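Heads up, the thing below is written out as structure tokens.
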Amino acid sequence: MSIIRVRFAPSPTGYLHIGGARTALFNYLFARKNNGKFILRIEDTDFERSKREYEDVIIRDLKWLNIEWDEGPDIGGDYGPYRQSERLEIYKDYADKLIKEGKAYYCYCTEEELEIQRQLQLKEKKPPIYDRRCLNLTTKKKQEYELQGRKPSVRFLVPYKQLEFQDLIHGRLSIDTKLVSDPIILKSNGVPTYNFGVVIDDHLMEITHVIRGDEHLDNTYRQLLIYEALSWNPPFYGHIPMILAPDRSKLSKRHGATSVEELRKLGFINKAVVNYIALLGWSPKDNTEIMPINEIIEKFDLSGVLDHPAVYDIEKMKYFNHYYIANILQNTEILQALKELEKLNELEYNLQDNLKLRVIELEKNRIYLLTDFFELFDIIQYDPIFSDDILNELNNFDKNIFEIVINSLNEFDNYDDIEKIKSYLKDVAKKNNLKPGSIYKLIRLLLTGKHEGPELPKIIYFLGKKETIKRINKIKEIV
RNA sequence: GGCCCUGUCGUCUAGUGGACUAGGACACCGGCCCUUCAAGCCGGAGACACGGGUUCGAAUCCCGUCAGGGUCACCA
């Protein structure tokens, strides 16, 4: 039994999004679970749209998710190169071989001609299938085209038959290949198209299992046919269901945060994201949800992957994030993530690690996104900003309560003990026959300019006596 | 339009002919706690798309209908 080899083969035409990340993750899980190899291959044969910077972003984001590959463009391997743009001469030989054997043919049709043809067929409500007008071109006609300056593309000649294969997720699938149009395998500029490139590379890289999105289901038949023409054994295929937007349409930018980069900027934790997307279309036998990656690997089973699409629900992912922050991550891990996040969002808090760590410890139970920590950071680092409404509210407060609050805070000394702050404030209220809520509200407003936020004793604790008094005196002058 | 795939609470799912009064999680609603917003704890509401079969028995098997998605590029 040869070793299992899988791959993730993105084209660098955009950011790594949730769907791609999940496909990569399932390949990674399958490889790790079966002690196989996971390969990253860049499919950059579309020179118009491919950009090196996208490749960099994809690699960076996969790394952020801790999805690691054994071979790839950045680290090399025995089956390289791992960028299709660096393998161009390989494909041409195989295309020539197919032509020589009569399994492929030159096509001199221009893109415009093909487009007209397609529209015509569509208009007649017929499937847009290439009519093979270039299949039996005479030498004379070919020369004529060449003289016109036309450069031919190479089309694969689809043999008509009933074709079926066993999909790892959907089971037995079949189609009548009469419905499959002869695909172009080499563009007129000599660059392979997707359907040809994957076949050649998957074979040469000895890929054993192709795990990819459902949108490739129909491509599989074309690819299977090419394997057959080349007398190669095809890999196993597993088509995982797509991830849909809440409105059940294809997930895209307009549906909010769908790229890994955006999620990171919002304050998601990599482990939480991985855990969540692993559960999109798959669940372990025992229905556990929160699992560290090694447990996911251990429990992962491709046959347990569902065959119907899943809707992406960022709210549930937020809960996972909350759970990881509150219960799983070490404070130092959170601190590290916070630092990266500050850099990413171009924020700078001049707070010592020690202080940040204390904020983390005291706040992590109520935090959903890492960015939520910044709320308390802001309070500590910056003076409050008062809106007119808040100023108004402060003016309407009983001046006596003002005095009581200021005096009490001045007399108090145990600012380094949250419990003592808490009980002290309670006592102050009691002694003066006030509802605790009223003085809490006032102090909160004075210190932060807001109605909501972290627990008040915590705020006072982090501000300390000096800063607390300073802020109160400052606002007192205005009101 | 052809072809292909799919259909369990709003969402992710458990379920593989009897253990289903259909279980869990997020979200939602209510309560407790309480100095705000939360978090936490407790409770509640909420689904087998529809119609036919097969069977003693169907969420589970078959057929049809409807609905959703994918795909039909010199994009991947």
Side-chain angles (χ1 to χ4, degrees), chain A residues 9-13 43-46 48-50 84 107 109-111 114-115 118 121-130 151-155 167 169-170 173-176 178-181 183-195 197-198 213-221 239 241-242 244 246 248-250 276 279-290 306-320 322 326 363-368 372 375 422 425-426 429 435-445 448 450-457:
Chain A
S11 65
T13 54
E43 310 219 322
D44 55 351
T45 52
D46 182 350
E48 301 273 306
R49 296 193 301 151
S50 294
Q84 288 190 325
C107 173
C109 298
T110 64
E111 290 188 59
L114 292 168
E115 185 56 29
R118 196 174 306 124
Q121 286 167 320
L122 243 26
K123 211 170 162 187
E124 290 171 33
K125 308 243 182 217
K126 282 199 281 197
I129 291 176
Y130 180 62
K151 287 241 168 65
S153 59
V154 178
R155 267 184 202 275
D167 187 86
I169 286 151
H170 293 280
L173 261 25
S174 71
I175 199 182
D176 183 345
K178 276 200 197 83
L179 278 352
V180 178
S181 188
I184 286 178
I185 56 175
L186 230 49
K187 305 178 204 174
S188 51
N189 62 4
V191 177
T193 56
Y194 164 74
N195 277 304
V198 240
D214 254 354
E215 68 269 26
H216 288 294
L217 219 38
D218 290 301
N219 282 324
T220 308
Y221 299 106
H239 288 91
M242 312 225 337
L244 269 26
R248 299 216 139 254
S249 67
K250 199 172 176 176
Y276 172 75
L279 261 18
L280 244 27
W282 174 79
S283 65
K285 294 265 183 294
D286 59 11
N287 229 0
T288 312
E289 296 208 312
I290 303 285
L306 267 3
D307 58 8
H308 61 86
V311 170
Y312 171 62
D313 178 15
I314 199 167
E315 290 305 319
K316 183 153 185 171
M317 187 161 60
K318 272 188 194 166
Y319 171 78
F320 274 53
H322 162 68
E363 283 290 279
K364 65 179 183 182
N365 286 329
R366 58 185 284 272
I367 255 68
Y368 268 75
D372 295 338
E375 185 186 19
K422 207 180 274 184
L425 290 178
K426 231 173 232 168
K435 269 194 249 158
S438 61
I439 69 166
Y440 269 95
K441 190 177 178 185
L442 176 60
I443 301 174
R444 173 183 297 281
L445 247 25
T448 71
K450 286 183 186 143
H451 279 113
E452 69 291 329
E455 284 182 276
L456 186 59

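In the text below, chain A, chain B and the rest are named by the order of the sequence lines, each starting its count at 1. A quick note: this is a predicted structure, and the numbers were derived from the prediction, not measured.
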Under 4.0 Å between a side-chain N or O of [X] and OP1 or OP2 of [N]?
{"X": "A:Ser181", "N": "B:rC72", "value": "no"}
{"X": "A:His170", "N": "B:rU6", "value": "yes"}
{"X": "A:Tyr368", "N": "B:rA39", "value": "yes"}
{"X": "A:Lys250", "N": "B:rU71", "value": "yes"}
{"X": "A:Thr45", "N": "B:rA76", "value": "yes"}
{"X": "A:Lys187", "N": "B:rC75", "value": "yes"}

**Q.** Modelled atom types, side-chain donor and acceptor of A:Asn195 and A:Thr193, under 3.5 Å
**A.**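 Judged by distance alone, the side chains do not pair up.
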So which nucleotide does [N] pair with, by the Watson-Crick or G-U wobble rule with both distances under 3.5 Å?
{"N": "B:rC33", "result": "none"}
{"N": "B:rC74", "result": "none"}
{"N": "B:rA59", "result": "none"}
{"N": "B:rA45", "result": "none"}
{"N": "B:rA39", "result": "none"}
{"N": "B:rC20", "result": "none"}
{"N": "B:rU11", "result": "B:rA25"}

Which nucleotide sits closest to the side chain of [X]: [options]?
{"X": "A:Arg366", "options": "B:rC37, B:rA25, B:rC5", "answer": "B:rC37"}
{"X": "A:Arg118", "options": "B:rG7, B:rC3, B:rA73", "answer": "B:rA73"}
{"X": "A:Leu173", "options": "B:rC12, B:rA73, B:rC5", "answer": "B:rC5"}
{"X": "A:Arg444", "options": "B:rA73, B:rA76, B:rU36", "answer": "B:rU36"}
{"X": "A:Ser188", "options": "B:rC12, B:rC72, B:rC74", "answer": "B:rC74"}
{"X": "A:Glu215", "options": "B:rG70, B:rA14, B:rA73", "answer": "B:rG70"}
{"X": "A:Arg248", "options": "B:rA14, B:rU11, B:rG70", "answer": "B:rU11"}
{"X": "A:His322", "options": "B:rG40, B:rA25, B:rU13", "answer": "B:rG40"}
{"X": "A:Tyr194", "options": "B:rU6, B:rC26, B:rA76", "answer": "B:rA76"}
{"X": "A:Asp214", "options": "B:rU13, B:rA76, B:rC5", "answer": "B:rC5"}

Q: Scan A:Leu280 against the nucleic acid and name what it touches under 4.0 Å (heavy atoms): base, sugar-phosphate only, or nothing.
A: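 Result for A:Leu280 = sugar-phosphate.
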Provide the distance between the two [atom1] atoms, one in [N] and one in [M], to the nearest whole Å.
{"N": "B:rA14", "M": "B:rA49", "atom1": "P", "answer": "15 Å"}
{"N": "B:rA38", "M": "B:rC75", "atom1": "C1'", "answer": "47 Å"}
{"N": "B:rG46", "M": "B:rC34", "atom1": "C1'", "answer": "30 Å"}
{"N": "B:rA45", "M": "B:rG24", "atom1": "P", "answer": "12 Å"}
{"N": "B:rC66", "M": "B:rG52", "atom1": "C1'", "answer": "14 Å"}
{"N": "B:rC3", "M": "B:rU60", "atom1": "P", "answer": "26 Å"}
{"N": "B:rC12", "M": "B:rA27", "atom1": "P", "answer": "15 Å"}
{"N": "B:rC48", "M": "B:rA39", "atom1": "C1'", "answer": "35 Å"}

Starting at [atom1] of [X] and ending at [atom2] of [N], how long is that distance when rounded to a whole Å?
{"X": "A:Asp218", "N": "B:rC3", "atom1": "CG", "atom2": "P", "result": "12 Å"}
{"X": "A:Asp286", "N": "B:rA25", "atom1": "CG", "atom2": "P", "result": "14 Å"}
{"X": "A:Lys318", "N": "B:rA25", "atom1": "NZ", "atom2": "P", "result": "21 Å"}
{"X": "A:Leu244", "N": "B:rA67", "atom1": "CG", "atom2": "C1'", "result": "13 Å"}
{"X": "A:Lys422", "N": "B:rU36", "atom1": "NZ", "atom2": "C1'", "result": "14 Å"}
{"X": "A:Tyr319", "N": "B:rU13", "atom1": "OH", "atom2": "P", "result": "18 Å"}
{"X": "A:Leu186", "N": "B:rC74", "atom1": "CG", "atom2": "C1'", "result": "10 Å"}
{"X": "A:Lys435", "N": "B:rU35", "atom1": "NZ", "atom2": "C1'", "result": "12 Å"}

Q) Which word best sums up how the rings of A:Tyr276 and A:Phe320 line up, parallel for under 30°, tilted for 30 to 60°, or perpendicular for over 60°? A)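 Rings of A:Tyr276 and A:Phe320: perpendicular, over 60°.
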Does the base of [N] carry an N or O that pairs as donor and acceptor with the side chain of [X] under 3.5 Å?
{"X": "A:Asn219", "N": "B:rA76", "answer": "yes"}
{"X": "A:Lys316", "N": "B:rA25", "answer": "yes"}
{"X": "A:Thr193", "N": "B:rC74", "answer": "no"}

Q) Hey, are A:Asp313 and A:Lys316 close enough for a salt bridge, meaning a charged N less than 4.0 Å from a carboxylate O? A)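 A:Lys316 and A:Asp313: not salt-bridged.
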Q | Euclidean distance, A:Met242 CE relative to A:Tyr312 OH, rounded to 0.5 Å | A |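 Result: 15.0 Å between the selected atoms.
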(Q) If you apply the rule side chain to side chain contact (heavy atoms under 4.5 Å, CB included), what do you find for A:Ile443 with A:Leu425, and how did you get there? (A) CA-CA 10 Å; A:Ile443 301 174; A:Leu425 290 178; 3.9 Å; yes
Q | Atom CD of A:Glu124 with >12 non-hydrogen neighbours under 6.0 angstrom | A |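 Yes, because the 6.0 Å sphere around CD of A:Glu124 holds more than 12 heavy atoms from other groups.
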Q. Does atom NZ of A:Lys450 have more than 12 heavy-atom neighbours from other groups under 6.0 Å away?
A.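 At most 12 heavy atoms, drawn from other residues, nucleotides or ligands, come within 6.0 Å of this atom.
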Q. Should A:Leu173 and A:Tyr221 be marked as a side chain to side chain contact (heavy atoms under 4.5 Å, CB included) after you check the CA-CA gap, both sets of side-chain angles, and the distance that decides it?
A. CA-CA 10 Å; A:Leu173 261 25; A:Tyr221 299 106; 3.6 Å; yes
Q) Between A:Leu244 and A:Lys250, does a side chain to side chain contact (heavy atoms under 4.5 Å, CB included) hold up when you go through it step by step? A) CA-CA 5 Å; A:Leu244 269 26; A:Lys250 199 172 176 176; 5.8 Å; no
